[in-house]
Amino acid sequence: MQTMLWITALLLPAATLPGCDRGRDAAGPESAVRIGFLAAGDRASYVDAAGIAVDEINEAGGLLGQTVELVARSGIEEPAASVQAAGEMILDDGVIALVGPNRSSHAVVVAETAQRHGLPMITTSATNPEVTRAGGYVFMAAFTDLFQGGVMARFAREDLGLDRVAVLTMRGEVYTEGISEFFVSGFRGSGGTVAAEVFFDRGETDFTEALGRLAETEPGAVFVSGFVEEIALVTRQARALPLVDAAGEPVRFLGADAWDNPNLLAHPAAELEGSFFSTHFSPDSDEPGARAFVDAYRSRYGIPPTGGDAVSYDAVRLLAQAVERAGRLDPEAIRAQLAATEDYAGATRISGYDDRRHPSKSVVIMTIREGEKLFHRQIDPAPAGDG
């Protein structure tokens with residue numbers, strides 16, 4: 001069957017559809033199962049990845065014998081607009097669940113809407129642990145920044161052998177401030193020194209003063225937490241300064257999953273050679289589920305998917321599997337089956353969920369060489385009971 005993929009422009013009225021009775025065991029054959037999908041910022045490719053999952057579900061017979069439709073909104077810039085879109089999807093479009101948003105600042109507030117309506121929600125690439133604080137209907141498809149930040153801190157200490165780093169953080173975002181906090185805590189906890197913590201505002205273009213403060217500390221690396229425009233300008237201006245370590249070598253840059261954006265590599269100002277960043281998966285993975293997703297994505301769009309694309313695809317599949325196990329479109333039954341997820345294998349793998357609905361899954365570390373991101377290593381979570 002062909003997917004009916006609706007992508008509506010931000011703040012335009014939602015399509016008017018009959019309400020969906022989420023408590024029914026199954027809809028009539030003329031009905032479709034609607035899933036709401038929210039993508040903030042320049043991440044329209046996340047909708048594309050979710051669409052691949054929907055197509056696969058429909059080609060396999062749909063959900064409970066019904067066609068699946070994705071009701072999608074992309075390009076959303078403000079958290080309040082994500083909340084508005086989520087409310088329209090629930091009240092007007094009759095969606096059975098929400099997938100996304102991808103930004104933690106959006107996900108935290110949309111989660112409150114989902115919880116209030118008793119509607120299952122699975123975030124995509126939102127990683128701050130607080131996105132599930134609203135309650136038991138909210139789940140994450142991505143690892144948390146507590147894990148990701150700790151992984152990057154240990155990687156800097158153990159793999160790169162760094163004793164002294166600095167951190168440059170965009171203020172005012174749940175994600176950017178959170179991931180830096182977890183990185184700093186992990187690095188100090190492993191015996192390293194964080195020589196400087198400097199903040200900047202979104203939209204800044206001149207980082208001379210901030211980089212000058214970092215340069216005084218001669219760090220072995222700088223962990224940069226921000227988004228594409230700022231990261232690109234920081235790296236160019238740091239090279240022009242130049243920002244060097246104690247041995248006089250150009251400082252290395254470290255980052256997290258926000259770096260996994262093709263717009264960053266393509267940005268004319270970015271100077272990223274030798275950098276390392278964490279993300280959700282590598283398109284070079286040899287895992288069967290990952291390979292199938294990569295092949296489908298490449299075939300349709302001609303480029304490899306990012307980590308955010310992978311978790312967007314997985315979030316839809318996680319929801320679909322929970323619905324099939326529940327056997328009905330009852331929100332509580334779907335929620336219970338999401339919580340019971342074990343050994344999920346798709347583009348990424350999830351062994352299960354903890355009591356905060358945070359998944360146990362791996363982090364992939366990528367490096368940038370000659371303008372290309374390359375797989376460096378995968379770090380798995382410690383088995384249950386390990387310290």
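What you see below is based on every heavy atom in this structure, not just the backbone, and it leaves out hydrogens, waters and symmetry mates.
Between the side chain of Arg103 and the backbone N or O of Ala40, no donor-acceptor pair lies under 3.5 Å. At least one donor-acceptor pair under 3.5 Å links the side chain of Ser225 to the backbone N or O of Thr176. With Arg377 contributing its side chain and Ile365 its backbone, the two residues share no donor-acceptor pair below 3.5 Å. With Arg133 contributing its side chain and Ala111 its backbone, the two residues share no donor-acceptor pair below 3.5 Å. Checked by atom type and distance alone, the side chain of Arg291 pairs as donor or acceptor with a backbone atom of Pro283 at under 3.5 Å. A donor-acceptor contact shorter than 3.5 Å links the side chain of Ser104 to the backbone of Asn128. Remark: the backbone N or O of Thr279 is not paired with any side-chain donor or acceptor of Gln148 at under 3.5 angstrom. Side-chain atoms of Arg300 never come within 3.5 Å of backbone atoms of Arg298 as a donor-acceptor pair (strictly under, hydrogens ignored). Of the possible donor and acceptor atoms, one in the side chain of Thr367 sits under 3.5 Å from a partner among the backbone N and O of Ser275. Of the possible donor and acceptor atoms, one in the side chain of Thr217 sits under 3.5 Å from a partner among the backbone N and O of Leu214.
In this structure, His376 and Phe276 have perpendicular ring planes: the angle between them is above 60°, well past the 30° mark.
Considering only residues two or more places apart in sequence or on other chains, Arg252 meets the salt bridge (Lys or Arg N to Asp or Glu O under 4.0 Å) condition with none of them.
Between the CD atom in Gln321 and the CD atom in Glu324 there is a gap of 9.0 Å [rounded to 0.5 Å]. The line from CD of Glu273 to CD1 of Ile368 is 8.5 Å long, rounded to the nearest 0.5 Å. Between Leu272 atom CG and Lys373 atom NZ the span is 12.5 Å, to the nearest 0.5 Å. Going from atom CZ of Phe227 over to atom OH of Tyr175 covers 7.0 Å, rounded to the nearest 0.5 Å. How far CZ of Phe37 is from CE of Met89: 9.5 Å, rounded to the nearest 0.5 Å. We find the OG-CG distance between Ser360 and Asp343 to be 10.0 Å, quoted to the nearest 0.5 Å.
Side chains of Thr124 and Asn102: a donor-acceptor N/O pair is absent below 3.5 angstrom, by distance only. If you check the side chains of Glu173 and Ser105, you find a donor sitting under 3.5 Å from an acceptor. No side-chain N or O of Asp48 forms a donor-acceptor pair with one of Ser45 less than 3.5 Å apart.
Of all non-hydrogen atoms in Ala49 and Ser312, the two that sit nearest each other are CB-CB, 4.3 Å. The two residues Phe187 and Ala156 make their nearest non-hydrogen contact at CE1-CB, 3.9 Å. Nearest approach of Glu230 to Glu204, heavy atoms of both residues: CG-O, 4.2 Å. The minimum heavy-atom distance linking Leu98 with Ala86 is given by the pair CD1-CB, 3.9 Å. Residues Val95 and Ile35 share a closest heavy-atom pair of CG1-C, 3.9 Å. When all heavy atoms of Thr306 and Phe281 are compared, the closest pair comes out as O-CE2, 3.3 Å.
Follow the hydrophobic side-chain contacts under 4.5 Å out from Ile52 and you never reach Leu70; the two are in separate clusters. One hydrophobic cluster holds both Phe277 and Leu233 under the rule that ILVMFWY side chains link at heavy-atom gaps under 4.5 Å. Note on Tyr313: it does not cluster hydrophobically with Leu319, by side-chain heavy-atom contacts below 4.5 Å among ILVMFWY residues. Linking Ile, Leu, Val, Met, Phe, Trp and Tyr residues whenever their side-chain heavy atoms come within less than 4.5 Å leaves Tyr46 and Met140 in two separate clusters. Both Leu254 and Leu265 are assigned to one and the same hydrophobic cluster, defined by single-linkage of ILVMFWY side chains at heavy-atom distances under 4.5 Å.
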- Apply side chain to side chain donor-acceptor pair (under 3.5 Å) to His280 and Asp260, showing your working. CA-CA 9 Å; His280 307 276; Asp260 194 4; over 6 Å; no
- Task: Give the C-alpha distance, both sets of side-chain angles, the deciding distance and a yes or no for ring-ring contact (aromatic ring centres under 6.0 Å, His included) between His358 and Phe147.
- Result: CA-CA 10 Å; His358 296 163; Phe147 182 53; over 10 Å; no
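Side-chain contact between Phe253 and Arg239: present, with at least one pair of heavy atoms (C-beta onward) separated by less than 4.5 Å. Between Gln237 and Leu243 the shortest side-chain heavy-atom distance does not fall below 4.5 Å. Side-chain contact between Leu168 and Phe200 is present, with heavy atoms from C-beta onward closer than 4.5 Å. Under the 4.5 Å side-chain criterion, counting only non-hydrogen atoms from C-beta, Val184 is not in contact with Phe223.
Comment: Lys361 does not engage Asp380 in a salt bridge, judged by the lack of any side-chain N to carboxylate O separation of less than 4.0 angstrom.
Each of Arg213, Arg188, Arg171 was scored for a salt bridge (charged side-chain N to carboxylate O under 4.0 Å, His left out) with Glu197, with one residue passing: Arg188.
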